[in-house]
Amino acid sequence: MTQHWSKTSWQKFTALQQPNWPDKNEFTETVQTISKLPPLVFAGEIRTLKKQLALAAEGNAFLLQGGDCAEEFSMCTAPSIRELLKVILQMAVIMSYAGGKPVIKVGRMAGQYAKPRSADTEMINGVELPSYRGDMVNAIEPTPEARRPDPQRMLKGYHLACATMNILRAFTMGGYASLERVHSWNNEFVGRSPQGQLYDKLARQIDQAINFMRIVGIDTDIPQLNQASFFTSHEALLLGYEQALTRQDSTSGDWYDCSAHMLWIGERTRQIDGAHVEFFRGVHNPIGVKIGPNHDIDDVKKLVSILNPDNEPGRLTLITRFGAKKINNGLPNLAREMKKEGFKLVWSCDPMHGNTYTAECGHKTRNFDEIMSEIRSFFEIHWSEGTVPGGVHFEMTGDNVTECTGGGRKILDHHLAQNYLTNCDPRLNAEQSLELAFQIAELMREK
Ligand code: PEP
Ligand code: CO
């Protein structure tokens, strides 16, 4: 018999990757404060996303999930949010127009503020300090004060997630994301690049199609053209924060984690007897789970059964992150075994986290060709196993950063220092993101 679930039942299980909050009372009080504040999203929106993901499970839609590795409080500004949104919209237009499928747009945004780390502490200039765990926990500056986990940061994170959500809703619903403005999403920097010009050409074709609709008398003042549906997601790491935003839907009586539409469980916190899995088995959001090359196949089977006991399509997305060199060894068997079990899954490819390396200059980076190679293998393996390549998951930004090598501008290791801004993992810049979208669209069209 399944054990009783409540939004606090995770507390009886081991929760990995939680900060060591110095003041436990302050932590509990902050969770209580957040639990009285309004939810960030509504159950109805979450159900809409789940229905769309159910289409992706069958190959009739494609998931595009992307954003920063870690959002930073100081980057919660309209221009920064708008630039990232624009690139995601551009990628979605490329992939749906050239790839021929509806694209479900999900940002790693409005709450991606907590990070798992490989160690609790790190040595900086001979001093042992708590690791930086994301702006919702502590600050990046290497001082004992800055690194002290502070529950007030959870509250600040909630407010900044609200502000982000608010401007995202304004941009996507208020005309900015209208397909009639598809040209204007090209930023100045990208506009001059070959990718930008290719994008311009595609935008002109869309303009012509909309104009043609108008000429033949079709009303183009419709939400399908002048609004974009956009969803939010983050790694659900800080269970106190997630618990505080978990609410019971008055129409269905079901529980939803209203901190975002979709949440995912990271590679480091997906233990079948752990607190994260306990928490997420009880909420009705679409859930993602990261799966890396060291997974145990029986564990993954158990995990899928626990998180999706009714085998509901759209509920569960397996986000594989093997790395270009390991995917051919690991994914075929995983896909085959899941298919044998009859599991209804969205298969998504995170080609970022298995391809990180440290360049000689000391910067952590990822190479464009390796990222693309993992994506290509992901498609080919699913085609040959008879499973469906249903989505992609990126760390990316709208800024003109030099964090990942390669791509049209041929960023080399020694260029990384030019504009390396991330506090965490290296992100694709806007131009690299568009280039990937064009190549993915080709793969989407192949089958
Ligand atoms: C991430 O998505 O930023 C992350 C930490 O990924 P993973 O859990 O796959 O390592
Ligand atoms: Co990351």
Side-chain angles (χ1 to χ4, degrees), residues 15-19 63-72 75 84 88 106-120 131-137 140 157 232-239 242 260 262-272 274-277 280 287-295 299-300 303 307 316-324 326-327 330-331 334 346-358 363-367 370-371 374-375 378 391-397 401 403-404 420-429 432-433:
L16 297 187
Q17 296 285 343
Q18 303 304 291
L63 168 66
L64 168 62
Q65 188 172 15
D68 288 312
C69 178
E71 286 177 286
E72 290 168 33
M75 296 302 282
L84 174 57
I88 298 177
V106 181
R108 284 175 65 117
M109 295 175 90
Q112 176 55 19
Y113 289 126
K115 296 306 297 173
R117 300 319 297 243
S118 47
D120 277 340
S131 299
Y132 168 64
R133 289 188 171 274
D135 276 5
M136 219 186 227
V137 175
I140 185 93
T232 57
S233 70
H234 59 261
E235 175 173 352
L237 189 70
L238 290 187
L239 290 173
E242 303 305 332
M262 180 177 182
L263 288 314
W264 77 89
I265 310 178
E267 168 76 344
R268 288 170 237 208
T269 49
R270 59 170 172 73
Q271 300 73 25
I272 50 173
H276 290 81
V277 171
F280 282 103
I287 301 295
V289 183
K290 295 283 202 89
I291 309 280
N294 300 326
H295 67 270
D299 263 1
V300 182
L303 195 55
L307 290 172
L316 196 59
T317 300
L318 292 192
I319 308 167
T320 59
R321 30 89 87 222
F322 285 95
K326 295 190 176 164
I327 186 168
L331 183 58
L334 178 65
V346 177
W347 289 98
S348 177
C349 174
D350 164 358
M352 313 299 291
H353 288 87
N355 292 313
T356 317
Y357 69 95
T358 305
H363 285 302
K364 259 208 298 185
T365 187
R366 293 152 171 165
N367 176 259
E370 283 197 313
I371 291 169
E374 179 161 359
I375 297 171
F378 168 81
V392 281
H393 184 117
F394 293 120
E395 288 184 340
M396 52 184 280
T397 169
V401 298
E403 296 174 4
C404 291
Y420 194 96
L421 302 179
T422 182
N423 277 344
C424 270
D425 288 339
R427 303 158 296 175
L428 298 159
N429 63 28
Q432 291 168 326
S433 302

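Whatever order the structure lists ligands and atoms in, that order sets their numbers, starting from 1.
At a cut-off of 2.8 Å, C424 does not coordinate the Co ion (ligand 2) through any N, O or S atom.
Here the side chains of L316 and V346 are not in contact, with every heavy-atom distance at 4.5 Å or above. L307 is listed as a side-chain neighbour of I265, based on a closest heavy-atom distance under 4.5 Å.
For K115 (side chain) and C69 (main-chain N/O), a donor-acceptor pair under 3.5 Å exists by modelled atom type. Using a distance-only test at 3.5 Å, with no hydrogens or angles considered, no donor-acceptor pair links the side chain of R270 to the main chain of V289. For the pair R427 (side chain) and E403 (backbone), a donor-acceptor distance under 3.5 Å is absent. No donor-acceptor distance shorter than 3.5 angstrom exists from the side chain of E395 to the backbone of L428, with no hydrogens or angles considered.
Ligand 1 lies under 4.0 Å from heavy atoms of C69, R108, K115, P116, E235, W264, G266, E267, K290, R321, H353, E395.
You'll find the ring centres of W264 and H234 outside the 6.0 Å limit.
For D425, the N/O/S atom at the shortest distance from the Co ion (ligand 2) is named OD2. Per residue E395, closest N, O or S atom to the Co ion (ligand 2): atom name OE2.
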